Asks: 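Got a structure for you, questions after.
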Amino acid sequence: MIHQYKNNGYDIVMDVNSGAVHVVDDTVYDAVALLAEKLPEMDEPGPLPGELAAEVRQRLAREYGYGAQDIDDAMSDIQELIDAEELFTKDEYRDYVVDFKKRKTVVKALCLHIAHDCNLACRYCFAEEGEYHGRRALMSFEVGKKALDFLIANSGSRRHLEVDFFGGEPLMNWEVVKQLVEYGRSQEEIYNKKFRFTLTTNGVLLNDEIMDFCNREMSNVVLSLDGRKEVNDRMRPFRKGAGSYDLIVPKFQKFAESRGQMNYYVRGTFTRYNLDFASDVLHFADLGFKQMSVEPVVASPDEPYALQPEDLPQILSEYDRLAVEYIKRKKEGRGFNFFHFMIDLNQGPCVAKRLSGCGSGTEYLAVTPWGDLYPCHQFVGQEQFLLGNVDEGITNTAVRDEFKLCNVYAKDKCRDCFARFYCSGGCAANAWNYDGSITGAYDIGCEMQKKRIECAIMIKAALADEEEH
Amino acid sequence: MKKVKTLSSNTLKQSVKNGGCGECQTSCQSACKTSCTVGNQSCENPNR
């Protein structure tokens, strides 16, 4: 499968199945497009069929006006790429991934809902101000301890175990967070495991003691903030209505500095109210943050702040605008990392990881304050997805198996999509919310994902260009 | 090649040989929590 596009002056050709990415000139770009109309994916590299090559040469000359030497060089380069198995390759992973998914899975990550309560009243909160369709509650140390024991017991030979302290707002149950970290550390040597703790917080209760603890113990922290003051305060007020920006920003700035501007993300949500969200990302950069993510809201389509299909052109052009500024600032020595523009083309995840999905319901589980297990934080409180609990383990194996077999090839909409090796089939919860099936797709999300990947690759091309000159 | 600059070779195909160890980070456990993204994650297999 070939995907090709032009962005910011770069002609990019992706050979999706092999993972090869090429920056080409216009002649090669047009030649590949003409060849792709008729050339099937190739089992083995071989010479281009003579008749097709002649037809493409002719069309490049007649319809596009390219000169003979130009066309010769382009066709020669294309043949070289085919010979290197970097163009027109076949998708050979289907059986491999299906077998991979059938293997015995282990649990490697938990999202601990340490507090189903919150001191903010964010308007888009999928957790309904922390309560997740239920009552307010804090996780006890006993439940958390059982969750960590469950994780250790079900993690097989995997050494690294991930535990995210999530909410609601986890700092509302801070003593239990500290106790669980201490307990987890005490088990590491016994079981030859290494915990990677992370924390997702709104920052309201953040203080020096918490920052010091996190800097010692948390491998990553996610700091929730939406961007510009007016944008943030509209959607992230306190329960009585006051904005949270002024209280939180100085704390987050201090926290980010205290971590050496690494191993954290300032993470915002954009909605229909700030479709110019590139300005919010740049606002983070202007505040001095170096690691950031701004993500589309997950919401029922009838909410006034929900993204609508007609918003897509503006959203996509915002990613383009952000990408251009991103390159500019990198070149000026004041660059930053935007989560969705980070891409590792050479040492990134293996194909098994790329095609097998996010792991929700199998490798990754969410734990409620009462110890119930759900496929992920987004499904918490939806009874049909209840998987079991920390005492008995997974008892609802039917739902578990549905998630287990969820992979890119199980999704009709992913089969012909170039992005499938980068998004892994997308978010199961989004698919459920919008398509009524975890093997469905959230179309607006797909369009955004594709644009982000295109921008990320273009940025690589632009920065590689800069290095050469 | 005169007209092509390759940013990435056939890394996916190569990764079939030594991939699948599962030590990498769970994708949702990173920054996002709402959108599955794996292209930006690191491989933790030193033998790949």
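This structure is a prediction, so every number in the text was calculated from the model and none was measured. Throughout, protein chains are lettered first and strands after them, A, B, ... in sequence-line order, and every chain is numbered starting at 1.
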Asks: I need the residue from A/R196, A/E363, A/K460 with the largest number of non-hydrogen atom pairs under 4.5 Å to chain B.
Replies: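 Result: the option with the highest number of such pairs is A/R196.
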Asks: Please confirm whether the backbone N or O of B/N10 pairs with a side-chain atom of A/E85, one donor and one acceptor, at under 3.5 Å?
Replies: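 It does not hold such a pair.
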Asks: I'd like to check the side-chain hydrogen bond (donor to acceptor under 3.5 Å, both in side chains) partners of A/K193; sequence neighbours left out, ordered by chain and number.
Replies: A/S155
Asks: For each of A/L81, A/I457, A/V266, A/T89, tally heavy-atom pairs with chain B at distances under 4.5 Å, and name the one with the top tally.
Replies: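 The option with the most such pairs is A/L81.
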Asks: Looking at A/D25, A/D30, A/D26, which hits salt bridge (charged side-chain N to carboxylate O under 4.0 Å, His left out) with B/K3?
Replies: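 Of all the options given, the one that passes is A/D25.
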Asks: Taking side chain as everything from C-beta outward and backbone as N, CA, C, O, which of these in A/N17 sits under 4.5 Å from a heavy atom of chain B? Side chain, backbone, both or neither.
Replies: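 Contact with chain B: backbone only.
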Asks: Ignoring hydrogens and angles, tell me if any N or O in the side chain of B/S8 forms a donor-acceptor pair with the backbone of A/G19 under 3.5 Å.
Replies: yes
Asks: Just jot down the side-chain hydrogen bond (donor to acceptor under 3.5 Å, both in side chains) partners of B/T6, sequence neighbours excluded, or say none.
Replies: A/H22
Asks: Less than 4.5 Å to any heavy atom of chain B: does that hold for the side chain of A/V28, its backbone, both, or neither?
Replies: side chain
Asks: Supply the atom-to-atom distance A/R158 CZ to B/C24 SG, rounded to the nearest 0.5 angstrom.
Replies: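 Output value for this atom pair is 6.5 Å.
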Asks: So what's closer than 4.5 Å to chain B heavy atoms on A/E80: side chain, backbone, both or neither?
Replies: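 Answer is side chain: those atoms of A/E80 sit under 4.5 Å from chain B.
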Asks: Are A/K108 and B/E44 close enough for a salt bridge, meaning some N to O gap below 4.0 Å?
Replies: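 The answer is no: the pair does not qualify as a salt bridge.
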Asks: Which distance, rounded to the nearest 0.5 Å, do you find between the CE of A/M458 and the CG of B/L7?
Replies: 12.0 Å
Asks: Quick one: which residues of residues 69-78 of chain A reach chain B at under 4.5 angstrom, heavy atoms only?
Replies: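 Expected list: A/Q69, A/D70, A/D73, A/A74, A/D77.
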Asks: When you measure from the side chain of B/S15 to the backbone N and O of A/V351, does any donor-acceptor pair fall under 3.5 Å?
Replies: yes
Asks: To the nearest 0.5 angstrom, please state how far the CG atom of A/L345 sits from the OG atom of B/S9.
Replies: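 Reported to 0.5 Å precision, the distance equals 10.0 Å.
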Asks: Relative to chain B, which segment of A/T269 carries a heavy atom at a distance below 4.5 Å: side chain, backbone, both, or neither?
Replies: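 The answer is neither part of A/T269.
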Asks: Is chain B contacted by the side chain of A/Y93, its backbone, both, or neither, given a heavy-atom distance below 4.5 Å?
Replies: side chain
Asks: With only heavy atoms counted, which part of A/Q291 is less than 4.5 Å from chain B, the side chain, the backbone, both or neither?
Replies: neither
Asks: Answer with side chain, backbone, both or neither: which region of A/A352 has an atom nearer than 4.5 Å to a non-hydrogen atom of chain B?
Replies: side chain
Asks: Can you name the closest pair of heavy atoms from A/A464 and B/K5 and give their distance?
Replies: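 Smallest interatomic distance, heavy atoms only, reads C-NZ, 4.4 Å.
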Asks: What part of A/V16 is in contact with chain B, defined as an atom under 4.5 angstrom from a non-hydrogen atom: side chain, backbone, both or neither?
Replies: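 Backbone only.
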Asks: Please enumerate all residues that pass side-chain hydrogen bond (donor to acceptor under 3.5 Å, both in side chains) together with A/D83, with sequence neighbours excluded.
Replies: A/Q79
Asks: Nearest 0.5 angstrom please: A/L355 CG to B/L12 CG, how far?
Replies: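 Between A/L355 CG and B/L12 CG, I get 7.5 Å after rounding to 0.5 Å.
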Asks: Relative to chain B, which segment of A/F341 carries a heavy atom at a distance below 4.5 Å: side chain, backbone, both, or neither?
Replies: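 Neither part, no heavy atoms under 4.5 Å.
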Asks: Looking at every heavy atom in both A/R159 and B/E23, which two are closest together, and how far apart are they?
Replies: N-OE2, 2.9 Å
Asks: Check whether A/A84 gets within reach of chain B through its side chain, its backbone, both or neither, counting any heavy atom under 4.5 Å.
Replies: backbone
Asks: Minimum heavy-atom separation for B/C43 to A/G348, with atom names?
Replies: CB-O, 3.6 Å
